[in-house]
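All values below were derived from every heavy atom in this structure, side-chain atoms included, with hydrogens, water molecules and symmetry-related copies excluded.
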Amino acid sequence: MTAVTGNSEQKTEILPPSNTIDSTKLGINFTPKGSYTSIKQTIAADRSYFATQLQQNKQKAIDSAAAYVYDKLLNEIVPHWYGTPWDFNGHTNTPNDGEIACGYFVSTTLKHMGFRLNRYKMAQQAGLNEALTLQAKNDLKIYRNISQEQLKKNINEVYKDGIYFVGLSNHVGYVLIKHSELYFLHASYCDDKVVIEKAATSPCFQSDIYVFAEISTNKNLLQKWIQQTTIPVQQ
């Protein structure tokens, strides 16, 4: 299950307006570039640099890793997954080869980014437990029965630009905050594929609960990434 409340994803035939986002204006990459295998190998090699830097200047290393993880996950890993077919039971390990469920999209891309976690166990948890896998409970942001306008306002008061995990009442994905706008990156059961779209107008983003965990701005998580610390899945 990937739901915060344990509800199953419900498939609808509403098409999200993902084609209304201008990647150039937004300043991020939507198109897969290079070999996916090579990207993962490069990330693994680059991580040793941050490990050395961590011993010399911890704060500088984590700040540098934050920018690196943000860029590599958003602009190199995830673009290879856009268009990958969604299926409730999908768990492919290869972008655009097989199908992927929303929880597996998140856990698989994080694993390929180099976070040491069990992608199967994480994807099978409720959204709250997925969030708790990434960040301590006291640091999560949870909003209930809130309008999109108020959610956007609240989020921008507590978070800066970056990539965040979000667990909904029956779905999970990433939220990108860019210039105070919220974008939803997810394996969409509304569009039957992995997409990026404006969160406020995404039919899959409508929920009575939103659980946010930091990723690219999460110092503890970034240090685990640098040091290759195993991240236990909360169950």
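When all heavy atoms of Met122 and Leu110 are compared, the closest pair comes out as CE-CD1, 4.0 Å. Residues Gln235 and Asn129 come closest through the heavy atom pair C-ND2, 3.6 Å. For Leu134 against Asn218, the heavy-atom pair with the smallest separation is O-ND2, 3.0 Å. Nearest heavy-atom pair, His186 versus Cys204, reported as atom, atom and distance to 0.1 Å: CE1-CB, 3.5 Å. Taking each heavy atom of Ser169 and Ser207 in turn, the nearest pair found is N-OG, 2.9 Å. For the residue pair Asp22 and Lys25, the shortest heavy atom distance occurs at OD1-N, 3.1 Å.
Counting only distance, with no hydrogens or angles, the side chain of Gln228 and the backbone of Gly114 share a donor-acceptor pair below 3.5 Å. Judged by distance alone, the side chain of Glu197 and the main-chain N or O of Ser202 form no donor-acceptor pair under 3.5 Å. At least one donor-acceptor pair closer than 3.5 Å links the side chain of Thr52 to the backbone N or O of Ser48. No donor-acceptor pair closer than 3.5 Å links the side chain of Ser216 to the backbone N or O of Ala66.
Using bins of under 30°, 30° to 60° and over 60° for the plane-to-plane angle, the ring pair His171/Phe184 lands in the perpendicular bin. The aromatic rings of His112 and Tyr36 sit perpendicular to each other, their planes meeting at more than 60°, with 30° as the lower class boundary.
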Exercise for review: Evaluate the criterion side chain to side chain contact (heavy atoms under 4.5 Å, CB included) for residue pair Gln125 and Thr133; output intermediate values, then yes/no.
Suggested key: CA-CA 10 Å; Gln125 302 308 308; Thr133 295; 5.6 Å; no
Practice item. Show your working on side chain to side chain contact (heavy atoms under 4.5 Å, CB included) between Ile155 and Tyr210 and close with a plain yes or no. Key: CA-CA 11 Å; Ile155 286 298; Tyr210 299 88; over 6 Å; no
Review point. Stepwise, does the side chain to side chain contact (heavy atoms under 4.5 Å, CB included) test hold for Trp81 with Thr108?
Key: CA-CA 10 Å; Trp81 287 88; Thr108 303; 3.8 Å; yes
**Study point:** Test side chain to side chain contact (heavy atoms under 4.5 Å, CB included) applied to Val69 and Ile43, step by step
**Key:** CA-CA 9 Å; Val69 168; Ile43 291 170; over 6 Å; no
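Under the salt bridge (charged side-chain N to carboxylate O under 4.0 Å, His left out) criterion, no residue pair touches residues 101-122, with sequence neighbours excluded. Listed by first and then second residue, the salt bridge (charged side-chain N to carboxylate O under 4.0 Å, His left out) pairs involving residues 156-171 are Lys153-Glu157 (not counting sequence neighbours). Sorted by first and then second residue, the pairs that involve residues 134-162 and meet ring-ring contact (aromatic ring centres under 6.0 Å, His included), not counting sequence neighbours, are Tyr159-Tyr164.
Using a 4.5 Å heavy-atom threshold, the side chains of Thr217 and Leu222 count as separate. Looking at heavy atoms from C-beta onward, Ile39 lies in side-chain contact with His80 at the 4.5 angstrom threshold. A heavy-atom distance below 4.5 Å is not found between the side chains of Asn29 and Glu76. Between Ile163 and Leu185, every side-chain heavy-atom pair lies at or beyond the 4.5 Å cut-off. In this structure the side chain of Trp225 reaches within 4.5 angstrom of the side chain of Met113, judged on heavy atoms. Side-chain contact between Phe205 and Val166 is present, with heavy atoms from C-beta onward closer than 4.5 Å. The side-chain heavy atoms of Ile21 and Phe30, taken from C-beta on, include a pair separated by under 4.5 Å. The side-chain heavy atoms of Glu214 and Lys219, taken from C-beta on, include no pair separated by under 4.5 Å.
In this structure, CD in Gln234 is found 6.0 Å from CG in Leu132, a value given to the nearest 0.5 Å. Note: Asn96 CG to Thr84 OG1 = 3.5 Å, rounded to the nearest 0.5 Å. Distance OG/Ser64 to CD1/Ile226: 8.5 Å, rounded to 0.5 Å. Taking OG1 from Thr42 and CZ from Arg47, the interatomic distance works out to 11.5 Å, rounded to the nearest 0.5 Å. Residue Ser188 holds its OG atom at 13.5 Å from CD1 of Ile100, rounded to the nearest 0.5 Å. Note: Leu26 CG to Ile196 CD1 = 6.0 Å, rounded to the nearest 0.5 Å.
With Phe105 as reference, Tyr174 is the one residue of Trp86, Tyr82, Tyr174 to meet the ring-ring contact (aromatic ring centres under 6.0 Å, His included) rule.
More than 12 heavy-atom neighbours from other residues, nucleotides or ligands sit within 6.0 angstrom of NZ on Lys178.
In this structure, a donor-acceptor pair under 3.5 Å is absent between the side chains of Gln124 and Tyr120.
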